[in-house]
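Step one of this worksheet: look at the structure below.
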Amino acid sequence: MENITKDASLNSINNDQPYRTWYHFQPPKNWMNDPNGPMYYKGVYHFFYQHNPDGATFGKKMVWGHSISYDLINWTHLKHAIRPDSIGDINSCFSGSATILPGEKPVILYTGIDGKKHQVQNLAFPKNLLDPFLREWEKHPQNPVMTPPSEVEEDNFRDPSTAWQGKDGKWRVVIGAQNGDEGKAILYKSDDFFDWKVDPNPFFATDGTGVCECPDFFPVYVNSTNGVDTSVENSSVRHVFKISYLRRHHDYYFIGSYVSDSDKEKFVPDVKYTGSWKELRFDYGNFYASKSFFDYAKNRRILWGWVEENDSRQDSIERGWAGLQTIPRKFWLDKDGKQLMQWPIEELEKLRDNQINITGETLLGGSTLEVQGITASQADVEVLFELPDLQNAELIDPSEVDPQILCSEQYASRNGIIGPFGLLALASKDQTEKTAIFFRIYRTLDKYVCLMCSDQSRSSLRQETEKTTYATIFDIDPNLKTISLRTLIDRSIIESFGDGGKVCITSRVYPSLAIEKDAHLYVFNNGSQSVVISKLNAWSMKQAEFGMENII
Ligand code: DQQ
């Protein structure tokens with residue numbers, strides 16, 4: 001394994017900047033958005049990302065940043081991998097994906113903005129396959145390999161997925177597109193990866209959604225939490241199609257059926273998109289343009305997602321950077337086959353330090369308990385709440401409610417019956433600043449449901465930050481006795497995993513008081529029924545190592 005010399009001075013930048021994260025991925029400086037082309041190659045994880053080399057806002061000449069890691073947690077930043085310097089990308093190198101071709105040959109397909117500002121697809125290959133860090137990339141001389149087909153707008157044809165091989169041996173990719181109000185994903189096929197032909201039938205299309213960005217398409221096992229390579233197609237898998245709808249700025253996924261040798265090759269989702277809050281999403285908070293990859297080293301599928309800033313453009317310029325990535329998440333199909341489950345990768349636990357725990361503590365209605373003994377500004381918290389008898393829950397009609405409105409009206413400090421209960425993260429001592437991540441349980445005529453919120457409405461005394469409340473409602477088992485919450489707190493990001501990873505919500509917050517040593521963490525219950533902290537484990541989190549490769 002090659003040793004890399006890196007300059008670890010980047011870690012000290014974080015000490016002067018309370019919003020710069022300790023263990024979430026960030027480039028050394030400037031604007032970052034979408035995750036691009038994540039992959040594992042010869043013992044090394046590669047992560048590429050949309051980067052503006054010239055400033056802390058979205059740029060006119062976007063490039064692919066490139067970082068490598070042995071564990072997906074500690075990173076070394078390398079030189080930019082793909083820059084706008086050729087016919088097919090002179091005005092920007094937009095998002096795309098990596099595919100590992102037979103013989104362990106990685107290739108990248110990405111969108112270029114050409115001289116006419118049209119969006120076209122280009123290929124790039126590593127210059128030297130013996131370099132495990134794949135530092136240098138070269139572009140295919142015949143780029144672009146795809147130009148906008150008919151019935152696709154020239155400036156809305158982008159973000160090729162990882163390719164997969166169908167039963168006929170042909171390679172396939174899907175590309176996000178738009179025509180008028182219709183959003184679609186276009187299927188292309190190729191025998192050799194160079195010459196691509198468009199399939200006449202859109203692979204996936206939705207009316208009234210506008211452009212589909214960053215499509216992702218892959219199989220998941222029906223009965224295993226293991227991941228599976230993108231070309232696998234048999235009765236032990238189902239397929240997942242993910243799309244990022246620009247107008248909504250959310251990532252939606254659909255579980256469904258796919259066969260590559262059918263007449264009209266397309267993906268058939270089990271449930272059609274209706275645009276309601278009930279759609280399945282990877283994350284109900286601040287999360288967009290996600291991308292997954294199959295990690296064959298550990299047989300798992302991993303998801304990355306972009307987390308945007310919520311304060312002003314001027315704030316980003318002053319800080320000199322903008323944009324985070326979520327902690328890489330392992331994900332798999334739930335036992336019921338109806339949704340995906342997500343969990344932070346196990347490697348994150350290496351940063352856990354200084355554990356404290358609480359067990360069997362009853363939280364009476366209206367009580368708050370401080371979790372002391374950890375650095376509350378950088379922490380990993382896992383709580384298991386023991387629930388009272390669900391029959392006492394309040395009655396609602398879920399067809400009449402919008403979880404986000406419910407969350408903002410019935411916020412953390414209001415009294416309920418079973419809940420609100422949960423955590424107050426990045427809270428000031430006087431609790432004038434706090435982000436409440438909580439559950440509240442309701443009864444409907446035929447089932448029980450749980451509202452999960454990440455309420456950042458009181459997250460900062462600063463006026464100019466956006467203070468959306470994020471929420472969703474999900475079904476729970478009528479015999480449910482406990483519910484879990486895991487929350488990753490990292491200075492200006494709070495990522496929460498409810499009910500074992502069934503529901504994720506990410507918030508971006510900018511406290512003015514609850515910073516570093518002045519940040520506190522509490523558990524609370526504002527329901528009239530008591531809940532018991534069956535088990536709470538919390539850890540201070542050490543800083544991950546971020547460095548630049550020393551270029552000699
Ligand atoms: N961001 C990229 C596009 C993509 C969008 C440009 C999604 O390729 O559609 O930075 O955030």
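Each ligand, and each atom within it, is numbered from 1 in the order the structure gives. Here the structure is a predicted model, which is why all the values come from computation and not from measurement.
Using a 4.5 Å cut-off on side-chain heavy atoms (C-beta onward), Val198 and Glu151 make no contact. Using a 4.5 Å heavy-atom threshold, the side chains of Gln26 and Phe546 count as separate.
At a 4.0 Å heavy-atom cut-off, the residues surrounding ligand 1 are Asn33, Asp34, Gln50, Phe58, Phe94, Ser95, Arg158, Asp159, Glu213, Tyr288, Ala289, Trp306, listed by chain and number.
Considering only residues two or more places apart in sequence or on other chains, Trp304 meets the side-chain hydrogen bond (donor to acceptor under 3.5 Å, both in side chains) condition with none of them.
If you look at Tyr245 and Tyr252, their ring centroids are closer than 6.0 Å.
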Might you work through the side chain to side chain contact (heavy atoms under 4.5 Å, CB included) test for Lys266 and Asp199, ending with a clear yes or no?
CA-CA 10 Å; Lys266 65 198 261 194; Asp199 195 270; over 6 Å; no
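Ring planes of Phe25 and Trp75: perpendicular class, angle over 60° (limits at 30 and 60°).
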